[in-house]
Amino acid sequence: ILGIPRRQMEDALDSIVQFADIGEFIDQPVKVYSSGMYVRLGYAVAVHVEPEIVLVDEVLAVGDEDFQRKCLERILASDRTVYGVNTGFGKLSNQRIDSDELLELQENLIRSHAVGVGPTLPVPIARLALVLRIQALAKGYSGVRWELVEFLTQMFNRGVVPVIPEQGSVGASGDLAPLAHLALVVMGEGLAWLVPPPRCQPAASKPMSAQQALRKAGLKPQRLMPKE
């Protein structure tokens, strides 16, 4: 979605609204399941008009929803070298990062990739990008803390929508720049719209600082942990 020009994205949303059976979705929260490979297409309509996401029981891993995270923490405690966790990236992969700099590594990685340009994505598309990020992380394979998934869910439910420029990519990994702008808001940096329920469009004509949007929504910026 993030690589499609604005007109095509708006046409795609119009097509979804026109052809999807929206009656099934309008009066329901958007349910995110970890076992599904995708968010059902009809939910794109609900994301457009419905402000709430519910993380259903199925997203919890059997026995321990933090299992993958604990595996990662055990690896870190063992002092093993793991690419992208306690090393640099790309050509700097042979550079080991000290444990007391791992949080700074996460923040600098996000800031360095948040270099998108051009017009910003329409609010419904940015909200859908947030839903898809929640869906991906809720699977548990990324090893992020469950608290981060819940925080992203609260961002969506309380109407905090990251401002994401339409253009920007890093080689073949074309979603890194847009998703970095999304992650900036989690850290309390960058810009965000505030779309308080039940509105579907921003209350103000201009975006505000992410820190201000989070504060108005009753949320506090998060410090990203290793690999997050």
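In this chain, numbering begins with 1 at the start of the sequence shown.
Here Arg133 contributes atom CZ and Phe156 contributes atom CZ; the two are 15.0 Å apart, rounded to the nearest 0.5 Å. Leu105 CG to Lys227 NZ: the interatomic distance, rounded to the nearest 0.5 Å, is 12.5 Å. In this structure, the separation between CD1 on Ile97 and CG on Leu92 is 8.0 Å, given to the nearest 0.5 Å. In this structure, the separation between CG on Leu176 and CG on Leu109 is 8.0 Å, given to the nearest 0.5 Å. Atom-to-atom distance recorded for Arg74:CZ and Lys70:NZ is 8.5 Å, nearest 0.5 angstrom. Once rounded to the nearest 0.5 Å, the distance linking CD1 of Ile164 with NE2 of His181 reads 8.5 Å.
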Working note: Lys220 + Leu214, criterion side chain to side chain contact (heavy atoms under 4.5 Å, CB included); need CA distance, chi angles, decisive distance, verdict.
CA-CA 6 Å; Lys220 294 182 179 180; Leu214 291 174; over 6 Å; no

Where do Leu224 and Leu148 land on the side chain to side chain contact (heavy atoms under 4.5 Å, CB included) test, with the steps shown first? CA-CA 8 Å; Leu224 297 178; Leu148 179 59; 4.2 Å; yes

Original post:
Please walk me through it: do Thr81 and Asn86 pass side chain to side chain contact (heavy atoms under 4.5 Å, CB included)?
Top reply: CA-CA 6 Å; Thr81 299; Asn86 52 15; 4.1 Å; yes

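Nearest heavy atom pair, residue Gln167 against residue Pro119, reads NE2-CD, 4.4 Å. Nearest heavy-atom pair across Arg158 and Gly218 is NH1-O, 3.2 Å. Minimum interatomic distance between Val186 and Leu152 (heavy atoms only, all atoms of both residues): CG2-CD2, 3.6 Å. Nearest heavy atom pair, residue Ser93 against residue Tyr83, reads CB-CE1, 3.4 Å. Of all the heavy atoms in Val163 and Pro207, the pair that sits closest is CG2-CB, 3.6 Å. The two residues Pro162 and Ala126 make their nearest non-hydrogen contact at O-CB, 3.6 Å.
Partners of Glu73 according to the salt bridge (charged side-chain N to carboxylate O under 4.0 Å, His left out) rule, which considers only residues two or more places apart in sequence or in another chain, are Arg69. With sequence neighbours excluded, no residue satisfies side-chain hydrogen bond (donor to acceptor under 3.5 Å, both in side chains) with Glu104. For Arg96, the salt bridge (charged side-chain N to carboxylate O under 4.0 Å, His left out) criterion is met by Asp79, not counting sequence neighbours. Evaluation of the side-chain hydrogen bond (donor to acceptor under 3.5 Å, both in side chains) rule for Glu107 yields Arg223 as partners, not counting sequence neighbours. Not a single salt bridge (charged side-chain N to carboxylate O under 4.0 Å, His left out) links Asp100 to another residue, sequence neighbours left out.
Residue Val85 is grouped with residue Phe89 when hydrophobic side chains (ILVMFWY) are merged at heavy-atom distances under 4.5 angstrom, including chains of intermediate members. Linking ILVMFWY residues whenever their side-chain heavy atoms come closer than 4.5 Å, directly or via other members, places Val82 and Leu102 in the same cluster.
Contact of the Gln222 side chain with the Glu228 side chain is not registered, since no non-hydrogen atoms from C-beta on lie closer than 4.5 Å. Side-chain contact between Leu130 and Val160 is absent, with no heavy atoms from C-beta onward closer than 4.5 Å. Annotation: side chain of Ile134 is in contact with side chain of Val149 (closest heavy-atom distance under 4.5 Å). Using a 4.5 Å heavy-atom threshold, the side chains of Leu184 and Arg111 count as touching.
Apart from Leu103 itself, the hydrophobic cluster it occupies contains Met225, where clustering links Ile, Leu, Val, Met, Phe, Trp and Tyr at side-chain heavy-atom distances under 4.5 Å.
In this structure, the side chain of Glu189 does not engage the main chain of Ala210 through any donor-acceptor pair within 3.5 Å.
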